[in-house]
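Down below is the structure, laid out as structure tokens.
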Amino acid sequence: MTLHIETPLLASSAMGGKNGQTVWLKMEALQPNGSFKLRGIGHACEEYARRGAKRFISSSGGNAGLAAAYAGRQLGVPVVVVAPETTSERARELMRREQAEVIVHGASFSEANALALSMVGEHDAFIHAFDDPLLWTGHATMIDEVAHAGVIPDAVVLSVGGGGLMCGVIEGLRRNGWDKVPVFAVETDGADSLAQSIEADRRIELPRIASIATSLGARQVSQAAFDWTHVHPMSSMVVTDQAAVAACIRFMDDHRLVVEPACGASLAVVYAGRPELAGFKNLLVIVCGGVTATVAQLQAWEGTLAAS
Ligand SMILES: *Cc1c(COP(=O)(O)O)cnc(C)c1O
């Protein structure tokens with residue numbers, strides 16, 4: 001038994017078909033709390049509970065906090081989420097619905113994170129949003145499912161925040177013998193900490209996040225994610241917020257599913273028919289999901305971003 005579920009792998013007739021390309025969608029948006037996060041965080045929480053943790057502490061006001069809340073409830077372990085003031089009322093409500101204690105503290109993530117870390121006692125486990133090998137091993141199961149389905153991808157498109165998804169997908173590719181399958185790592189402009197680190201060939205820290213794709217808003221990617229850029233074949237791509245939101249809206253019509261701009265970023269490079277992706281026959285796109293955007297919010301962004 002795992003906390004996450006096996007998700008559908010769909011060949012998208014709306015997105016594929018050009019140059020004989022099949023676009024495979026790994027539908028992580030259909031996880032119980034709407035994002036891939038449950039794979040890694042569920043795995044980490046199970047492991048920490050097995051090692052005796054009596055409480056889980058998270059500092060994410062987004063999908064990671066929600067996954068921790070869900071995992072804790074399923075495992076019967078209380079969860080505290082310290083979320084920054086910027087966390088939407090909707091996200092707070094979703095975490096409370098999973099019976100997490102939500103403490104709202106600090107103007108930004110770093111202040112919330114500092115309080116969360118200060119609360120971690122001997123019997124607590126701190127649940128990081130992206131930088132923990134247990135998370136990556138859990139995320140990697142999505143690639144095992146692709147292999148079991150008999151689909152052999154020749155490239156993978158995914159979104160990057162702090163790089164936990166990327167580390168997990170690469171771990172999954174490599175444990176299935178797909179060491180040479182390239183990864184296209186997509187970020188939004190203003191949350192492009194990986195793209196800028198590759199450019200500078202050192203792990204840079206963004207002074208601030210200037211993108212609506214808050215789930216990609218890690219100011220610095222993990223060391224492990226940066227290290228993979230020197231080991232695994234990969235390229236980085238950056239899209240505008242406007243393109244990410246437009247992709248979310250198009251995806252609603254094509255696949256009847258609401259996802260965050262963080263996920264829309266990956267969809268955007270496929271919809272745009274980026275030339276770098278043209279040569280691949282079986283393109284695997286991780287539909288990472290996310291619950292913090294509503295239809296009304298996507299439409300409001302579409303309006304304000306078009307006007308700016
Ligand atoms: C967390 C998240 C990401 C980014 O994942 P990282 O592991 O931080 O790179 C992308 N999309 C969604 C919907 C997320 O919740």
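These numbers were taken from a predicted model, which means no experiment stands behind them. Start at 1 and go down the list; that is how both ligands and their atoms are numbered.
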Is it true that Arg39 and Glu145 make a salt bridge, defined as a side-chain N closer than 4.0 Å to a carboxylate O? yes

Testing Met166, His139, Lys26, Met27 for side-chain contact (heavy atoms from CB on, under 4.5 Å) with Ile286, which one passes? Lys26

Residue shell for ligand 1, any heavy atom closer than 4.0 Å, reads Phe36, Lys37, Asn63, Phe130, Val160, Gly161, Gly162, Gly163, Gly164, Leu165, Ser215, Leu216, Ala262, Cys288, Gly289, Gly290

Transitive ILVMFWY cluster of Leu134 at side-chain heavy atoms under 4.5 Å: who else is in it? Leu3, Leu38, Ile41, Tyr48, Phe56, Leu66, Tyr70, Leu75, Val77, Val79, Val81, Leu94, Met95, Val102, Val104, Ile127, Leu135, Trp136, Val291

In the hydrophobic clustering that connects Ile, Leu, Val, Met, Phe, Trp and Tyr at side-chain heavy-atom distances below 4.5 Å, which members other than Leu206 occupy its cluster, ordered by chain and number? Ile204, Ile209

Pairs in or reaching into residues 278-303: which pass ring pair (Phe, Tyr, Trp, His ring centres under 6.0 Å), with residues at least two apart or in two chains? Phe184-Phe280

Can you tell me how far CD of Gln299 sits from CD of Glu302, rounded to the nearest 0.5 angstrom? 7.0 Å

